[in-house]
Amino acid sequence: MYSQLAWRNIWRNPRRTIVIMTAVIIGVFSMIFLCGLMRGMEVEMIRNNLATLTGNIQIHQKGYRADPVVENSMTDPVLLENAIKTNLPEGAAWAMRVRVNAIVSNARHSTGVTFVGIDPAKEARVSFIGKAVTDGRYLNSDDTNKILIGRALLDKFKTKIGHKLIVMSQDADDEIASTAFRIVGTFRAEMESTEKAYVFVTLSDAQKMLKLKNGISEAAIAFKGQSIDGQKEKALAQKLKSRLPDSIYKVETWPELLPMMREYLSLFDNFIYIWYFVVFIAMGFGIVNTTLMAIFERMREFGLLKALGMKPVSIIRGVITESFFLLVSGIIIGNIAGIITVFLINRTGIDLSALAAGVEMWGMPRVIHPELWIIDVITANLVVLVLGLVVSIYPAAKAARFTPIEALEKT
Amino acid sequence: MNNIVELEKIKKTYLQGKVDIPAINNVSLSIKKGGFVAIAGPSGSGKTTLLNIIGGLDQPDSGTVRVDGEKFETLTPSRLAELRLFKIGFVFQAYNLIPVLSAAENVEFVMLLQGIPKKERLRKAHAILDDVGLSGKYNRRPAELSGGQQQRVAVARAIVSNPSIVLADEPTANLDSKTGQGLLELMKTMNKEKKVTFVFSTHDKMVMDYAGRLVRLRDGSIFDDQSK
Amino acid sequence: MMSVNVKLDVKMAWRNIWRNTRRSVLTISAICFACMILVFMLSFQLGSYETMINASVNMSTGHLQVQSAGYHKKKSMRLVVSQPGEIGGILEKIPGIAAYTFRANAFSLVSSNKRSRGVLVTGIDPEREACVSTIKTMISHGRYLEQSDTNQVIVGNLLAKSLRVKPGDELTILGQGRDGSIAATAVIVKGILSSGIDAFDRSTMQIPLQYFQAVYSMGDAVHEVVITAKSLKKVSKIKKDIQKGIDAAGRGNGLVVLDWMELIPGLLQGIEMDLVSGMIMYLVLIIVVAFSILNTFLMSIFERTREFGMLMAIGTTPGRLIKLVLIESMSLTLVGIVLGIVCGSLITLFFQSHGIDMSGSSEFMKQYGIPARLYPRLSLVSALVGPAAVFVITFLAALFPAVGIRKLKPVEAMTHI
């Protein structure tokens, strides 16, 4: 009965209802769509970061992260290998690496890089490099003195596939080791800085050059998909920690490995909530104003209802029910529009390559595929609905305070 | 050319629901310059429609309307608005005045539309308000004036720029009889002193008595027309 | 027939606004709110851009650089600016330049007792450098270089940490001279730099320019002439003047003048991108506000239909009526806008003097040269652009119900209930 009455009441002035509903629709749509864009970007940023040799979990010798040098390597990886193998979840992959700073040079150029020794087959399942080779070929496990470098580095050095590069780094005996490698291929990455920063050789080459024997710098574990909150990672890290003595090993999940990323995400989250609130206030004024107009027009009616013995509470409930219908209708349409837009753009993505340098500066992906998170959609809808009802209390209370005489005097 | 208004075979029907209601049925009427004419009849007899047609606010289905020599059917809406602005004054039953403007400003507003300079507007507005007996009440807003005073402001506004004709649709309908009489006296005075033609509608016997010519309508047709 | 005097129109509009005080106050509040947010946000954004640009410019690139053509991309030792003194002479005569200095760079292997690193070693003129960049103020341990220093270096704190050195320790530098010869020397760490920007602190090593030139067989040549302008706005003018000066001296061949946008293209594009995404958000906000207040405009016309009928009957043209209605709507908007600008400016000015604490995100912001306390900066642009957009969009919202008046017929309007 109440709801039927309220529904009919909001359509007594269709134009006015449609206008304010449009404000709600645009507000909700923008909340969902812009949030979808940001989430799409976040997910892509995390994916890129994790693929760029981070993985979901890494294990190092204690002290390596503060000082990533040869002497902070794990000399006997067998314990580690066993611990990982017995705990590795379904679908996850892992790889061991040697990873140190080095200088690469040819006759004319030299620069500092991160020199990474990998197990080609295993590494391909863990990080981006397996799919990133665009010219030449990927490494094979039986390669000797072959190196894979970024396209940007190749261009900077004005060299070619098949030519040699000298790699210099400090070995386990604190001597400068220097080895010549032949370029077998180049890789591309989302960021030009990645292409300049990393060079890859086989694990055994790296160990031999740096006199590491079986030693490795890190082990990385990658899950299928990713979890933004890092909960899955935490669980596994806990298990690994119980198997590995923490006087030697340090197990870290990606939020610990990439503190910047974590801050960036929380900045995003805060921004989204502030944005929700601002948009709500913008439509809140309209909701209050429109509801006020509607009740002042019906002052006589409210006076009459009161004269007939209707309680103020019932009047308040009636007016709030009207707001509720107005808000819910707007929210539903806004959601549908937002979800469809996100879905459509998700397939093609928004290409930001034209702004490549700017994209790189903020560490953003080049193509954004917006995506929807249930929690964001629920938050957006709750913000609009709950706050919308709260602000409707003011006009509702106004309507309840009309006295029959006052209402009848006013024509 | 002595006639200010010439109506020839005017017909007008309204569509109410699905039925055509004839409002004006074959009316021909001429009104002389300087006349003080009452159009009388019970409600629904077509008085208001006839006045609206003379004022160019409403268009007849057939027949011709001439006011001050201008044939209405050949005029564009904006020419018609201009004609109303300069040659026809209106006094309505109610809602005559702009509520946010004072008495003087309401009178000024028409002159503003006519493009009369500020100084002259003020002088004329005050003079005409004095003429209608509202001196000292220039700055009152409509809400601060009595019903009779509001209608006096409406008359002042209607005649301030010497129109050819003033059309008043039941100007006294919302007034008590004494106030109504006062307003009619005022209109009569203005008619004599300023030589303004007045045409007003009424269903009030007392009002009819003031008229120099009484045109009686019934069911959209003139059934009696006599000059005193 | 248009008015000689709009005063009565404006008076009418103003009084009409206050016929329904509550409604007008709510409408004005909505507009005020939007303008306030826009003024504050734009001041905030523009303020942080300026901070970011200044941080980059002051720490590394300067506003402008004169380099050998191609050096910026290739960073090749051989692409030098010879006789830099002559270029300096040209710069002295150009107005608007705050300071300039010379730098030379060479990628070298730097080793301490325990560690080796590949580092870009930069030769700087200590006195001139202090006028151009903020490096001198960033020394956290030890001391800055002096003009008479020779084999002394200052090192970024992260680099120092990874080399395990502190002031007074010795480093050896091994690189390639300009002529291809081996450049080797031993130097003493004199100071440690902490900028807070990891990329900078991990890679910076500076030695006195004269010593650099001797070690790397540079002669008197340098790689970069770094120039700071007195203000960001003067950069393009100065750039032209320098180019003219170089051409006139016959050095135009082989030398290029690069401004900060060319030196750090990512910075400008990053700023543009941030600005554009901000604009999209602001536009959405303004549109939501426009719909929020559209009902007020609709209502104020709808409830006065009879009055409009009367006005038309006495000869007001529809155009004139629309004008009246628009004056009314826009007066209302203007009150909101002015209030919004005032409130927004006050809030901005408050934070401009107190700063906004961003310490929750400080690690992240630091990497862009943004300090933990951010200071928005109120300017004419930031105070007016947002409100101007609000004005335009509100005008469109007001236009929609106003043109509906055209369809009004006086007789029907007057009998409207």
Side-chain angles (χ1 to χ4, degrees), chain A residues 15-16 19-20 22-27 29-30 34 66-69 101-105 108-113 156 158 168-170 174 176 259-261 263-264 266-267 270 275 278-279 281-290 292-293 296-297 352 355-362 364, chain C residues 20 22-23 26-27 29-30 33-34 37 73-76 107-109 111 114-120 161-162 164 175-176 203 264-274 280-281 284-296 298-299 302-303 358 360-365 367-368:
Chain A
R15 183 167 57 178
R16 187 164 62 204
V19 164
I20 192 62
T22 309
V24 176
I25 291 169
I26 294 176
F29 168 80
S30 74
L34 291 174
D67 193 11
V69 290
N101 290 314
I103 297 168
V104 292
S105 50
R108 287 173 166 246
H109 301 85
S110 56
T111 189
V113 293
K156 188 180 163 192
K158 289 208 181 120
M168 274 195 287
S169 188
Q170 204 163 5
D174 270 0
I176 299 290
M260 286 249 302
M261 195 70 216
E263 279 189 4
Y264 199 40
S266 78
L267 196 69
N270 289 338
W275 169 248
V278 165
V279 170
I281 293 179
M283 63 171 110
F285 282 111
I287 293 170
V288 173
N289 221 352
T290 306
L292 275 175
M293 284 177 208
F296 272 99
E297 262 175 18
L352 298 175
L355 292 163
V359 168
E360 177 130 6
M361 161 167 178
W362 296 114
M364 280 164 49
Chain C
N20 193 326
R22 194 189 336 252
R23 187 165 71 202
L26 279 168
T27 307
S29 309
F33 171 75
I37 296 272
K73 263 203 101 152
K74 296 175 202 157
K75 294 278 181 314
S76 162
F107 188 82
S108 314
L109 181 72
S111 314
K114 308 206 156 169
R115 297 291 169 78
S116 300
R117 279 280 176 283
V119 177
L120 190 71
K161 211 169 144 193
S162 86
R164 300 206 171 161
Q176 211 171 26
S203 63
I264 351 170
L267 185 59
L268 186 69
Q269 275 195 22
I271 287 173
E272 278 171 359
M273 212 155 73
D274 188 65
I280 294 172
M281 300 220 148
V284 170
L285 175 67
I286 298 173
I287 291 175
V288 170
V289 168
F291 272 97
S292 250
I293 62 180
L294 179 55
N295 266 339
T296 304
L298 276 172
M299 206 48 202
F302 189 72
E303 71 191 359
M358 303 290 286
S361 322
S362 56
E363 268 309 311
F364 165 69
M365 310 281 272
Q367 306 313 319
Y368 296 99

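Each chain gets a letter, A, B and so on, in the order its sequence line appears, and its residues count up from 1.
Heavy atoms of A/M283 lying under 4.5 Å from chain C belong to its backbone as well as its side chain. Contacts between C/A34 and chain A at a heavy-atom distance below 4.5 Å are absent for every atom of the residue. For A/L292, the part sitting under 4.5 Å from any heavy atom of chain C is the side chain, from C-beta outward, and nothing else. Interface residue C/Q176: only side-chain heavy atoms are found under 4.5 Å from chain A. Contacts between C/I293 and chain A at a heavy-atom distance below 4.5 Å are absent for every atom of the residue. For chain A, no part of C/I264 is nearby; none of its heavy atoms comes within less than 4.5 Å. Proximity to chain A is limited to the side chain of C/L298, based on heavy atoms less than 4.5 angstrom apart.
Per-residue heavy-atom pair counts under 4.5 Å with chain C were compared for A/V113, A/T111, A/T290, A/V288, and the maximum is reached by A/T111. Comparing C/L267, C/I271, C/D274, C/I287 by how many heavy-atom pairs each has under 4.5 Å with chain A, the most go to C/L267. Interface summary for chain C: among A/S30, A/S105, A/S110, the most heavy-atom pairs under 4.5 angstrom belong to A/S110. The greatest number of non-hydrogen atom pairs below 4.5 Å with chain A, out of C/R115, C/K114, C/K73, is found for C/R115. Considering only heavy-atom pairs separated by less than 4.5 Å from chain C, the leading option among A/D174, A/I20, A/V278 is A/V278.
With rounding to the nearest 0.5 angstrom, the OG atom of C/S29 is 4.5 Å from the CZ atom of A/F285. Put simply, NZ on C/K75 and NZ on A/K156 are 8.0 Å apart, with the number rounded to the nearest 0.5 Å. Atoms CE and CG, from A/M293 and C/N20 in turn, are 7.5 Å apart once rounded to the nearest 0.5 Å. In this structure, the separation between CE on A/M168 and OG on C/S116 is 9.0 Å, given to the nearest 0.5 Å. Within the model, atoms CZ of C/R22 and CZ of A/F296 stand 3.5 Å from one another, a figure rounded to the nearest 0.5 Å. With rounding to the nearest 0.5 angstrom, the CG atom of A/L34 is 7.5 Å from the CD1 atom of C/I280.
Using a cutoff of 4.0 Å between basic side-chain nitrogens and carboxylate oxygens, C/K161 and A/D67 are not scored as salt-bridged.
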Task: Step-by-step side-chain contact (heavy atoms from CB on, under 4.5 Å) determination, C/I37 to A/I281 - done: CA-CA 11 Å; C/I37 296 272; A/I281 293 179; over 6 Å; no
- [ ] Begin from the C-alpha positions of C/F302 and A/R16 and carry the test side-chain contact (heavy atoms from CB on, under 4.5 Å) through to its verdict.
- [x] CA-CA 11 Å; C/F302 189 72; A/R16 187 164 62 204; over 6 Å; no
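Side chain of A/Q170 to main chain of C/R117: no donor-acceptor pair is present (N/O by atom type, distance under 3.5 Å, no hydrogens or angles).
The nearest pair of heavy atoms linking A/A23 to C/S292 is CB-N, 4.0 Å.
At a cut-off of 3.5 Å, with distance as the only test, a side-chain donor of C/T27 or A/N289 sits close to an acceptor on the other residue.
Using a 4.5 Å cut-off on side-chain heavy atoms (C-beta onward), C/F107 and A/I103 make contact. A/F29 places none of its side-chain heavy atoms less than 4.5 Å from the side chain of C/V288. Between A/E297 and C/M299 the shortest side-chain heavy-atom distance falls below 4.5 Å.
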